[in-house]
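Notes to accompany the following structure.
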Amino acid sequence: MTICSIDEIIDEFESLTRDAGRVQQDTLRKILELNADAEYLNHFNLDRRTDSKSFKSCIPLCVHSDIESYIQRIADGDNSLVLTGKPIASLSVSSGTTQGKPKFLPFNDELLESTVQIFRTSYAFRNREYPMGNGKTLQFVYGSKQVYTQGGILATTATTNLYRSWRFKEAMNDIMSQCCSPDEVIFGPDFHQSLYCHLLCGLIYSDEVQLVFSPFAHSLVHAFHTLEEVWEDLCADIRDGVLSKRVTTPSIRQAVSKILRPNPDLASSIYNKCQNLSSWYGVIPALWPNAKYIYGIMTGSMEPYLKKLRHYAGHLPLMSADYGASEGWVGSNVNPTLPPEEATYAVLPNIAYFEFIPLEKPKGEEMENSSTIHYIESEPVGLTEVEVGKIYEVVITNFAGLYRYRLGDIVKIAGFHNLTPELQFICRRSLVLSINIDKNTEKDLQLAVEEAEKLLAAEKLEVVDFTSLVDKSSDPGHYVIFWELNSDNASDDVLSSCANSMDLAFVDAGYVGSRKIKTIGALELRVLRKGTFGQVMDHYLSLGGAVSQFKTPRFVSQSNSKVLQILSRNVTRSYFSTAYGL
């Protein structure tokens, strides 16, 4: 992308955001005109009206369960205009890691175009801070199985829908440099073979790599953890010019063998660099000396991986990618120098129509440290009507058949870029842990784990990953937190203290009160064998998911029997909190 076109993209963004209110009304009108014949809109008697007042008075707020039957009809082959003005030809499959059941969402060309616009916008602002030359990108991206529903509709992850599109690949080549790996690696049938080859191709082109990317921080950490285990094999492949026998897929072997040539000097250089690293600190800049930053979604459920990612990154900056979901995109990161914990996202006013439900804490709970308040909701407000410092739930109406759809995300308004708000992601709104009057979210769980992790630091131990469940098999019910540690050397005393620390770190008034009167039992910490969360990910991949879309479930419901089985059979030790007495 030329400097000229980067300036044009920024100019276009500035123009859109200076007139965000009008652009939003135009966007809603376009959405409703394109989909005027949709059964869903006509069911609520919108009668082809396209103004926001009629739209809000006719169409109710909704969640996925409200429209699931409509989407299922599409999946079953109903070719009528169910949700949109044109039949939906493909579906995106969300991760489904919490309940164990992925959900379908409509996907169309308009969503593809909005993705391109989001990516181009954030790239232009990144490139202004960190100019890129004609190098390559080390991308840890993986396709998933393409399946067809009973009705013949293509269903795959949003990532795969994008990366199989020539339009998207064209745009990506324009903004993110060429991927080190051939397509056969991205769309390989076995994730472990693809990951090995991503690392290998990245090392072959190590001097040309300017950017390291994966959709989520989790898959970046997983990739470099794998590097720790296979680096000697990679060096051997490069030295001899022969691909490891661990790669068995013919298409991958053929594609990678075309770029693999004997290079003893490069192999020796990589070998020496790896040997000289201290605990793999700074491995990314050591092996990829021209990399300028590391890019991926790093907020929300990805925050627990930042500490390890920073360890691998050394002096390189981490940059959080744009804000969106399988349902659609919301905003671009146009302040790329902010650390991930402070990242903000400027809403693009022409990619969807946005509303925000104001959330207020009840009186007496204003200072509550928890993210679990039963918020008082007000009527939704428009994009330009939000107020700095206040918190809201995001509502989206997109071009693919979602109307006034509650994303379930809580955001804070950090400021404005011209007339469009810059959002800071706070947490998912859905409860994770609740037995009676207690209410704890994913963010509360994360904070509890972080508090207990402080006790591990002195022992040079760290939590590799974690999840939770509510155990009601005995009365009273209690919280169970599962940990996988980087070592088996943790003492019983330290782990008992960690159980107590987490129990006390849940500060929700309902939880504290229930623990004191013993209507909720003692928190239980269960320690897992190393590699357990790898088994959880493999199970998810076996269902057709893509590793680049994988998010460790922070809560496992009783209906998710397979993941519960994996966790249960890998428990090595268990500790009950004594924080509230025995």
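These numbers come from the heavy atoms of this one structure, side chains and all, not from hydrogens, waters or symmetry mates.
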The side chain to side chain contact (heavy atoms under 4.5 Å, CB included) partners of Ser15 (sequence neighbours excluded) come to Arg18
Determine yes or no for a side-chain-to-main-chain donor-acceptor pair under 3.5 angstrom, with Asn35 supplying the side chain and Ile31 the backbone.
yes
Quick one: does Phe555's side chain get under 4.5 Å of Val470's, heavy atoms only?
yes
Hey, mind stepping through Asp76 and Arg73 against salt bridge (charged side-chain N to carboxylate O under 4.0 Å, His left out) and telling me if it holds?
CA-CA 5 Å; Asp76 290 342; Arg73 282 171 52 196; over 6 Å; no
Going through the distances and angles, do Glu39 and Tyr70 end up as a side-chain contact (heavy atoms from CB on, under 4.5 Å)?
CA-CA 9 Å; Glu39 177 188 324; Tyr70 290 89; 3.9 Å; yes
Test item: side-chain donor near acceptor, Ser320 and Tyr345, under 3.5 Å:
yes
Is the shortest side-chain heavy-atom distance between Glu12 and Arg120 below 4.5 Å?
no
Closest approach of Phe107 and Ile88, non-hydrogen atoms and distance?
O-CG2, 4.1 Å
For Phe466 and Met502, run side-chain contact (heavy atoms from CB on, under 4.5 Å): C-alpha distance rounded to whole Å, both residues' side-chain angles, the deciding distance at 0.1 Å, then the answer.
CA-CA 13 Å; Phe466 62 93; Met502 286 192 289; over 6 Å; no
Rounded to the nearest 0.5 Å, how far does CG of Leu32 lie from CZ of Phe399?
9.5 Å
Between Glu303 and Lys443, does any NZ, NE, NH1 or NH2 come within less than 4.0 Å of an OD or OE carboxylate oxygen?
yes
Whether Asn127 side chain and Met132 backbone form a donor-acceptor pair below 3.5 Å
yes
Check whether any side-chain heavy atom of Ile118 lies under 4.5 Å from a side-chain heavy atom of Tyr323, and answer yes or no.
no
Positive for side chain to side chain contact (heavy atoms under 4.5 Å, CB included) with Val394, one of Ile357, Val347, Val411:
Val411
Can you find a pair of side-chain heavy atoms, one from Pro106 and one from Leu83, that are under 4.5 Å apart?
yes
Atom of Val386, atom of Pro421 and distance for their closest heavy-atom approach
CG2-CB, 3.7 Å
Can you tell me how far apart CG (Leu402) and CG (Leu105) are? Round to the nearest 0.5 Å.
6.0 Å
Using a 4.5 Å cut-off on heavy atoms from C-beta on, say whether the side chain of Phe140 contacts that of Val212.
yes
Would you say Lys30 has more than 12 foreign heavy atoms packed within less than 6.0 Å of its NZ?
no
Look at the side chain of Ser122 and the backbone N and O of Ser332, then say whether any donor-acceptor pair between them is shorter than 3.5 Å.
no
To the closest 0.5 Å, what do you measure between CD (Glu422) and CG (Asn333)?
9.0 Å
Hey, what do you get for SG (Cys58) to OH (Tyr403), rounding to the nearest 0.5 Å?
13.5 Å
Can you confirm if the aromatic rings of Phe13 and His417 lie within a centre distance of less than 6.0 Å?
yes
Asn398 side chain to Glu327 main-chain N or O, any donor-acceptor pair under 3.5 Å?
yes
Sub-3.5 Å donor-acceptor pair from the side chain of Thr115 to the main-chain atoms of Leu111, do we have one?
yes
side-chain contact (heavy atoms from CB on, under 4.5 Å), that's the test. Do Tyr123 and Ile6 meet it? Break it down for me.
CA-CA 8 Å; Tyr123 175 80; Ile6 286 170; 4.3 Å; yes
On a heavy-atom basis, which atom in Pro358 and which in Phe356 lie closest, and how many Å separate them?
CD-O, 3.3 Å
What pair of heavy atoms forms the shortest contact from Leu383 to Ala20, and how long is it?
CD2-CB, 4.2 Å
Return yes if some donor-acceptor pair links the side-chain N/O of Asn42 with the main-chain N/O of Ala38 below 3.5 Å, else return no.
yes
Under 3.5 Å side-chain donor-acceptor pair for Thr441 and Asp444
yes
Taking only residues two or more places apart in sequence, or in another chain, which ones meet Asp322 in a salt bridge (charged side-chain N to carboxylate O under 4.0 Å, His left out)?
none
Going by the side chain to side chain contact (heavy atoms under 4.5 Å, CB included) test, name the single residue among Asp409, Leu359, Val381 that passes it with Tyr392.
Val381
Just one of Arg406, Lys412, Arg404 clears the salt bridge (Lys or Arg N to Asp or Glu O under 4.0 Å) bar with Glu393, so which one?
Arg406
Between Ser468 and Arg554 (side chain of the first, backbone of the second, donor and acceptor by atom type, cut-off under 3.5 Å), is there such a pair?
yes
Ser54 side chain to Asp51 main-chain N or O, any donor-acceptor pair under 3.5 Å?
no
Do Phe55 and Glu355 have side chains that get closer than 4.5 Å, going by heavy atoms?
yes
With sequence neighbours excluded, residues passing side chain to side chain contact (heavy atoms under 4.5 Å, CB included) with Ala217
Met298, Met302, Tyr305, Leu309
Thr344 and its side chain to side chain contact (heavy atoms under 4.5 Å, CB included) partner, picked from Asn335, Ile413, Leu423
Asn335
Where do Ala346 and Val334 come nearest, in terms of heavy atoms and distance?
CB-CG2, 3.9 Å
To the nearest 0.5 Å, what is the distance between CD1 (Ile59) and CG (Asn45)?
8.5 Å
Side-chain (Gln210) to main-chain (Lys292) donor-acceptor, under 3.5 angstrom
no
Could you check whether any side-chain heavy atom of Glu451 comes within less than 4.5 Å of a side-chain heavy atom of Phe506, counting everything from C-beta outward?
no
Within 45 degrees of the ring normal and closer than 6.0 Å to the centroid, is that where the cationic atom of Arg126 sits relative to Tyr293?
no
Should Met537 and His222 be marked as a side-chain contact (heavy atoms from CB on, under 4.5 Å) after you check the CA-CA gap, both sets of side-chain angles, and the distance that decides it?
CA-CA 11 Å; Met537 183 170 70; His222 186 83; 3.6 Å; yes
In Å, rounded to the nearest 0.5 Å, how long is the span from CG of Asp109 to OG of Ser90?
8.0 Å
May I ask you to test the Leu34-Thr84 pair for a side-chain heavy-atom distance under 4.5 Å?
no
Parallel, tilted or perpendicular: rings of Phe44 and Tyr40 (30°, 60°):
perpendicular
Nearest heavy-atom contact between Ala291 and Leu316 is O-CD2, 3.2 Å
I'd like to know if the side chain of Gln117 pairs up with that of Glu113 as donor and acceptor (distance under 3.5 Å, no hydrogens or angles considered).
no
Determine yes or no for a side-chain-to-main-chain donor-acceptor pair under 3.5 angstrom, with Asp66 supplying the side chain and Val63 the backbone.
yes
